[in-house]
Amino acid sequence: MSDCLFCKIAAGEIPSRRVHSDEEFYAFEDINPQAPTHVLVIPRRHIATLNDLRDEDAPLMGRLLVLASRIAKERGLESKGFRLNANCLESAGQSVFHVHLHLLGGRPFGWPPG
Ligand code: AMP
Ligand code: ZN
């Protein structure tokens, strides 16, 4: 989608601190980190919100989850623990309308979230 911030980041049109790149996914450091590790993991394909997922997206989203968990391991979070978070719509905290996982780690997190 031409005016989507994360599509532009994945395409290299807007700079980011790359963590991972392949033909399906892109991962980069969050510009406003909420924890020592705060990586955003996105599919390159534009999907605006979790509401827009279809049954056929299940393999893609499964691979997204596996990739995020792999990055967590690479960050040494395998035994410390980490959080994967996806916000859907403004009331849940979504501000960029391109599906993404927040990978957060390196500090304790409370539950439930505020
Ligand atoms: P959400 O609020 O769940 O939609 O998450 C969007 C995230 O994108 C926030 O944590 C922002 O800090 C982050 N963000 C916004 N603009 C950029 C950018 N240019 N580069 C990296 N992260 C960004
Ligand atoms: Zn997009």
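Fair warning: this is a prediction, and the values are worked out from it, not measured in the lab. These numbers come from the heavy atoms of this one structure, side chains and all, not from hydrogens, waters or symmetry mates. Atoms within each ligand, like the ligands themselves, are counted from 1 in listed order.
- Set against the non-hydrogen atoms of Gly93, the atoms of ligand 1 under 4.0 Å away are 1 (P), 2 (O), 3 (O).
- Of all N, O or S atoms in His98, the one lying closest to the Zn ion (ligand 2) is ND1.
- Ranking protein heavy atoms by distance to atom 17 (C) of ligand 1, first place goes to Ile31 CG2, 3.6 Å.
- In this structure, OG on Ser16 lies 8.5 Å from CD1 on Ile42, to the nearest 0.5 angstrom.
- When hydrogens are left out, the protein atom nearest atom 16 (N) of ligand 1 is Leu5 CD2, 3.4 Å; that is the closest non-hydrogen contact.
- Counting atoms of ligand 1 from 1 in the listed order, those under 4.0 Å from a heavy atom of Phe28 are 21 (C), 22 (N).
- For atom 4 (O) of ligand 1, the closest non-hydrogen atom on the protein side is Ser95 N, 2.7 Å.
- Between the side chain of Gln94 and the backbone N or O of Val96 there is at least one donor-acceptor pair closer than 3.5 Å.
- Contact annotation: Phe6 has at least one heavy atom less than 4.0 Å from an atom of ligand 1.
- The closest approach between Ile9 and ligand 1 falls below 4.0 Å for a heavy atom of the residue.
- Summarising the geometry of Asn87 relative to Gly93, their closest heavy-atom pair is ND2-O, 3.6 Å, with the distance given to 0.1 Å.
- Formation of a donor-acceptor pair under 3.5 Å by the Arg107 side chain with backbone atoms of Gln34 is found in this model.
- Rounding to the nearest 10°, we obtain 120° for the angle at the Zn ion (ligand 2) between Cys4 SG and Cys7 SG.
- Residue contacts with ligand 1: His102 is included, with a non-hydrogen atom under 4.0 Å away.
- Atom NE2 in His46 sits 8.0 Å away from atom CG in Asp3 (nearest 0.5 Å).
- Donor-acceptor pairing under 3.5 Å is lacking for the side chains of Asn85 and His102.
- At the shortest separation from atom 1 (P) of ligand 1 among protein heavy atoms lies His100 NE2, 3.2 Å.
- Ligand 1 is never approached by Ser16 to a heavy-atom distance shorter than 4.0 Å.
- Counting protein heavy atoms only, atom 13 (C) of ligand 1 is closest to Asp30 OD2, 3.3 Å.
- Short contacts between ligand 1 and Glu29, defined as distances under 4.0 Å to a heavy atom of the residue, involve ligand atoms 21 (C).
- Residues Arg45 and Asp57 are in side-chain contact: their nearest non-hydrogen atoms beyond the backbone lie under 4.5 Å apart.
- Smallest separation of non-hydrogen atoms from Ala35 and Phe109: CB-CZ, 3.9 Å.
- Close approach of ligand 1 to Asn32 (heavy-atom distance below 4.0 Å) involves ligand atoms 12 (O).
- Centroid-to-centroid, the aromatic rings of His100 and His98 stay 6.0 Å apart or farther.
- Looking only at side-chain heavy atoms (C-beta outward), Phe6 and Val99 stay at 4.5 Å or farther from each other.
- Classification of Glu29 and Arg75 as a salt-bridged pair holds, one side-chain N sitting under 4.0 Å from a carboxylate O.
- At a heavy-atom distance under 4.0 Å, no atom of Ile14 approaches ligand 1.
- Closest N/O/S atom of His46 to the Zn ion (ligand 2): ND1.
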